[in-house]
Amino acid sequence: MMRCKIMNVVFDLDGTLIFKGQPMQDAVAKALRAIEQQGATIHFATARPLRDTLPVLPKHFWHHQIIGCNGAMISKNKVVYDTLNFNKREVIEVLNWLDQKEIPYLYDGIEEYAISDTPHHFHLEVKKLGRNPYCNQSLRLEPIVKLLVLEENRHLEVKAYLNTALSDYDFYHHNGCNSFDVVPKYSNKLNALLRAGLDMKNTLCMGNDQNDIAMLEAAQSAYVVGDLISLEREYTKVTQENLVEKLYEISKTI
């Protein structure tokens with residue numbers, strides 16, 4: 001059966017196109033431009049909110065469509081235009097409980113973020129991206145799209161509580177990190193791509209982690225960077241060392 005022409009190429013960021021939280025390398029950006037020059041539209045799908053995504057992307061890509069917060073946020077031209085939010089009363093109860101248990105966290109509003117009084121080294125990493133946290137109590141009055149719990153060794157305790165406090169939610173573990181994301185139900189990259197109007201039959205996806213599996217399984221073509229995940233379907237394996245080479249190969253097949 002003849003495949004549809006690839007019209008969209010979707011990339012995860014951390015562990016896929018960028019590594020150790022560093023900005024995208026020039027060689028990677030140049031290879032992405034080569035894909036664009038073949039007529040495909042590039043999209044990014046990341047666990048990061050828009051606020052933390054722009055600093056690691058070259059300015060050329062700032063106006064592209066960006067799926068943020070594992071699908072809870074969609075932006076284009078640097079403006080968030082679609083979000084999935086927690087129930088306000090429920091999520092405030094969760095934040096109060098985390099405070100009582102002294103479990104560190106970070107949560108995202110649409111533009112700002114807030115951190116727990118209980119410190120964690122990841123708080124400093126986020127501050128390095130150029131924006132200080134907002135007042136925790138004040139941001140709770142605005143829509144909340146993602147909660148990052150920063151103690152993986154207490155995830156069973158946290159999840160047991162979440163089952164009693166939140167009417168619905170999803171969560172994503174970060175492989176290799178002692179943390180996990182809590183997001184509103186149906187917040188996943190595939191759902192966001194569909195909400196944004198993409199046809200997965202003419203879409204190629206590249207990712208590396210658990211939160212990428214749904215979109216990779218649904219795409220016409222799938223590329224997996226590293227060996228953290230495997231798929232039920234046929235896919236192309238990529239390493240950090242041959243990433244740029246594979247990107248140019250993609251540009252030649254579109």
Side-chain angles (χ1 to χ4, degrees), residues 10-25 28-29 32 42-86 88 91-92 94-95 98 104-117 119-150 169-172 174 177 179-184 187-189 191-193 195-196 207 209 211-212:
V10 181
F11 293 103
D12 171 51
L13 287 176
D14 291 272
T16 299
L17 295 184
I18 66 174
F19 302 90
K20 297 181 179 179
Q22 297 302 304
M24 183 181 291
Q25 294 183 348
V28 173
L32 296 187
I42 287 179
H43 311 258
F44 300 102
T46 175
R48 294 170 178 256
L50 178 64
R51 176 196 69 249
D52 294 342
T53 302
L54 298 182
V56 299
L57 287 178
K59 287 186 177 181
H60 170 79
F61 299 112
W62 282 11
H63 294 276
H64 284 51
Q65 188 155 257
I66 298 172
I67 306 300
C69 293
N70 286 321
M73 175 184 291
I74 308 176
S75 65
K76 193 168 185 178
N77 296 319
K78 301 194 296 181
V79 176
V80 175
Y81 69 86
D82 184 290
T83 61
L84 298 177
N85 311 317
F86 287 109
K88 184 177 293 187
V91 75
I92 288 175
V94 170
L95 294 173
L98 292 171
Y105 61 81
L106 179 151
Y107 72 86
D108 289 295
I110 294 174
E111 295 185 5
E112 305 291 345
Y113 74 99
I115 61 176
S116 56
D117 290 337
H120 191 277
H121 65 84
F122 185 73
H123 295 161
L124 299 177
E125 296 300 316
V126 175
K127 288 180 184 179
K128 288 179 183 177
L129 292 170
R131 186 176 298 192
N132 288 323
Y134 203 73
C135 171
N136 193 320
Q137 296 300 318
S138 296
L139 195 58
R140 296 182 186 198
L141 303 177
E142 300 181 19
I144 296 174
V145 299
K146 189 182 81 166
L147 168 64
L148 174 63
V149 180
L150 291 164
Y169 70 95
D170 285 324
F171 63 86
Y172 298 96
H174 293 287
C177 302
S179 62
F180 62 94
D181 287 331
V182 183
V183 291
S187 295
N188 63 70
K189 295 180 180 182
N191 185 17
L193 293 171
R195 296 201 321 268
D209 211 340
N211 57 353
D212 300 314

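With hydrogens and angles disregarded, a donor-acceptor distance shorter than 3.5 Å links the side chain of S187 to the backbone of P184. Y107 contributes a side-chain N or O that, together with a main-chain N or O of R140, makes up a donor-acceptor pair within less than 3.5 Å. In this structure a side-chain-to-backbone donor-acceptor pair under 3.5 Å is present from R131 to E111. With hydrogens and angles disregarded, a donor-acceptor distance shorter than 3.5 Å links the side chain of D212 to the backbone of D209. With H120 contributing its side chain and L150 its backbone, the two residues share a donor-acceptor pair below 3.5 Å.
Between atom CD1 of residue I144 and atom CD1 of residue I92 there is a gap of 6.5 Å, rounded to the nearest 0.5 Å. One finds the CD1 atom of I67 at 11.0 Å from the CG atom of L50 (value rounded to the nearest 0.5 Å). We find the CG-CZ distance between L54 and F44 to be 10.5 Å, quoted to the nearest 0.5 Å. For the atom pair CG of N70 and CG of N191, the computed distance is 12.0 Å after rounding to the nearest 0.5 Å. Rounded to the nearest 0.5 angstrom, M24 CE and T16 OG1 are separated by 10.0 Å. Summarising the geometry, atom CG belonging to L147 is positioned 9.5 Å from atom OG belonging to S116; distances are rounded to the nearest 0.5 Å.
Listed by chain and number, the residues in a side-chain hydrogen bond (donor to acceptor under 3.5 Å, both in side chains) with D82 are R195 (sequence neighbours excluded). The ring-ring contact (aromatic ring centres under 6.0 Å, His included) search around H64 returns H60, F61, not counting sequence neighbours. D170 is linked by a salt bridge (Lys or Arg N to Asp or Glu O under 4.0 Å) to K185, counting only residues two or more places apart in sequence or in another chain. Scored by the side chain to side chain contact (heavy atoms under 4.5 Å, CB included) test, P143 finds N85, I110 as partners (sequence neighbours excluded). Residues passing the side-chain hydrogen bond (donor to acceptor under 3.5 Å, both in side chains) test with D14 are R48, sequence neighbours excluded. Residues passing the side-chain hydrogen bond (donor to acceptor under 3.5 Å, both in side chains) test with T46, sequence neighbours excluded: none. Every side chain to side chain contact (heavy atoms under 4.5 Å, CB included) that E142 has, sequence neighbours left out, goes to Y134, L139. For P133, the side chain to side chain contact (heavy atoms under 4.5 Å, CB included) partners are Y113, I115, K127, not counting sequence neighbours. Under the rule for a salt bridge (Lys or Arg N to Asp or Glu O under 4.0 Å), K59 has no partner lying at least two apart in sequence or in another chain. Judged as a side chain to side chain contact (heavy atoms under 4.5 Å, CB included), and not counting sequence neighbours, L141 has no contacts. Under the side-chain hydrogen bond (donor to acceptor under 3.5 Å, both in side chains) criterion, K128 pairs with E125, sequence neighbours left out.
Remark: K189 engages D12 in a salt bridge, criterion side-chain N to carboxylate O under 4.0 Å.
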Next item on the list: Dump the intermediate steps for side-chain contact (heavy atoms from CB on, under 4.5 Å) on L57 and W62, then the final yes or no.
Entry: CA-CA 7 Å; L57 287 178; W62 282 11; 4.0 Å; yes
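Counting only heavy atoms from C-beta outward, the side chains of Y105 and N136 approach each other to under 4.5 Å. Between V183 and L84 the shortest side-chain heavy-atom distance does not fall below 4.5 Å. Between D108 and L148, the closest side-chain pair of non-hydrogen atoms is not below 4.5 Å.
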Side-chain donor-acceptor contacts of residues 73-80 below 3.5 Å, not counting sequence neighbours, with atom names and distances?
{"from": "S75", "atom 1": "OG", "to": "I66", "atom 2": "O", "distance (Å)": "3.4"}

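In summary, the side chains of Q65 and Y81 do present a donor paired with an acceptor at a separation below 3.5 Å, with no hydrogens or angles considered.
When every heavy atom of A45 is checked against every heavy atom of V10, the shortest pair comes out as CB-CG1, 3.8 Å.
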